[in-house]
Amino acid sequence: MNNYDHISAIVNFFHDQDYTDWFCDKGRREANKTIKMAMGAGTEVDLAVQCLIKEGRVHRPVKYSAEVESASKAFLEWNDTYEPEITGMQRTISNEEQKITGTFDLELNHNEICDVKYATAIRPSYWIQLGGYRFLSGNTHRRLSVLRFDKTSDMYEYVVREDVEYLTQVFISTLNLYRFWQREKK
């Protein structure tokens, strides 16, 4: 699978104007430093949620303890409110024909793919990514969702979409544009 494109690389190949402006204003070095820190915190939050699901305890790294504690509280509140059946977690799926792969965070009730995010807002690219996961999993899921843990509070935002055919088509369009762009660069 070394020569497979990852869904996140496909989706993140295209950035919106706000991101481009922010990156230019900040400068390459500072922007990359900020991105690296955010990714580290996001990874630790993701590991904490996995630990809560698997072991019922909170994973608390030293470096991101405040972020992990806040997201863990929010996850427990979400779990108590919605009481989902978690039927899959960290499932890597691939499409040999298209040579793409990806790992989704959660499957809920055998029918919903849920992406866990530690972010300030739900971005359109998250929905394209979820459409990609649905495509890779054989288009069987009828719901796609984002569970976002807020970076500034112990709150969560949980948004479910059922226009899954549309989101899958948006991913396929993005994949085609990405492949076109990659071929034209050569």
Side-chain angles (χ1 to χ4, degrees), residues 6-12 16 18-19 34-61 63-93 101-168 170-171 174:
H6 197 277
I7 283 182
S8 59
I10 295 164
V11 172
N12 292 328
D16 66 21
D18 290 341
Y19 176 85
T34 301
I35 291 166
K36 187 177 178 180
M37 286 289 292
M39 288 175 66
T43 298
E44 290 302 325
V45 164
D46 193 49
L47 291 171
V49 167
Q50 290 176 49
C51 197
L52 278 167
I53 293 168
K54 288 179 187 174
E55 302 171 24
R57 67 176 181 84
V58 177
H59 166 79
R60 283 196 173 90
K63 189 171 185 179
Y64 300 105
S65 61
E67 292 89 344
V68 166
E69 186 173 333
S70 174
S72 296
K73 285 180 188 175
F75 173 79
L76 291 171
E77 182 180 330
W78 170 80
N79 195 50
D80 288 346
T81 301
Y82 291 93
E83 299 178 342
E85 178 187 2
I86 298 172
T87 52
M89 183 171 62
Q90 294 300 308
R91 187 174 297 155
T92 299
I93 45 182
T101 189
T103 303
F104 64 76
D105 293 329
L106 299 173
E107 179 185 64
L108 308 176
N109 307 312
H110 298 287
N111 196 31
E112 179 178 331
I113 297 173
C114 181
D115 207 19
V116 176
K117 298 292 186 184
Y118 180 64
T120 54
I122 293 178
R123 293 171 174 70
S125 61
Y126 300 168
W127 299 113
I128 301 171
Q129 184 177 359
L130 282 159
Y133 293 145
R134 181 175 182 272
F135 173 74
L136 286 179
S137 65
N139 297 319
T140 57
H141 296 86
R142 293 283 148 235
R143 294 164 49 109
L144 300 172
S145 61
V146 174
L147 173 57
R148 181 186 71 85
F149 301 119
D150 191 70
K151 285 188 169 188
T152 59
S153 68
D154 296 346
M155 304 296 288
Y156 68 87
E157 179 180 13
Y158 177 56
V159 178
V160 178
R161 291 185 57 171
E162 295 183 2
D163 58 340
V164 296
E165 298 293 338
Y166 172 71
L167 295 172
T168 303
V170 172
F171 169 76
T174 303

Contact check, side chains of [X] and [Y], non-hydrogen atoms, under 4.5 Å:
X	Y	value
Ser72	Phe149	no
Tyr156	Thr81	yes
Tyr133	Leu144	no

[X] to [Y] - nearest heavy-atom pair and separation:
X	Y	value
Ser70	Ser153	OG-O, 2.7 Å
Lys151	Tyr118	CE-O, 3.4 Å
Val159	Trp127	O-CH2, 3.4 Å
Asp105	Val116	OD2-N, 2.7 Å
Glu112	His141	N-CD2, 3.6 Å

[X] side chain to [Y] backbone, donor-acceptor under 3.5 Å:
X	Y	answer
Thr92	Thr103	no
Asn109	Glu85	yes
Thr101	Ile93	yes
Arg134	Thr168	no
Asp163	Tyr166	no
Asn79	Phe75	no

With rounding to the nearest 0.5 Å, note down the distance linking [atom1] in [X] to [atom2] in [Y].
X	Y	atom1	atom2	value
Leu106	Thr87	CG	OG1	9.0 Å
Leu130	Leu167	CG	CG	8.0 Å
Thr120	Arg148	OG1	CZ	7.0 Å
Ile113	Ser137	CD1	OG	4.0 Å
Met89	Ile53	CE	CD1	5.0 Å
Arg91	Leu136	CZ	CG	12.5 Å

Please work out which of the three classes, parallel, tilted or perpendicular, describes the rings of Phe171 and Phe135, given edges at 30° and 60°.
->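 Judged by the thresholds at 30° and 60°, the geometry between Phe135 and Phe171 is tilted.
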Side chains of Lys54 and Gln90: donor-acceptor distance under 3.5 Å anywhere?
->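 There is no such pair (donor and acceptor under 3.5 Å, judged by atom type) between the side chains of Lys54 and Gln90.
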So does Glu165 pair up with Arg142, basic N to acidic O under 4.0 Å?
-> yes
Lys/Arg N to Asp/Glu carboxylate O, Lys73 vs Glu77, below 4.0 Å |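 Glu77 and Lys73: not salt-bridged.
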Quick one: salt bridge (Lys or Arg N to Asp or Glu O under 4.0 Å) partners of Arg123, sequence neighbours excluded?
->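 Testing Arg123 for salt bridge (Lys or Arg N to Asp or Glu O under 4.0 Å), a comparison that skips the adjacent residues, returns none.
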Mind checking what makes salt bridge (Lys or Arg N to Asp or Glu O under 4.0 Å) contact with Glu162, not counting sequence neighbours?
-> Arg143
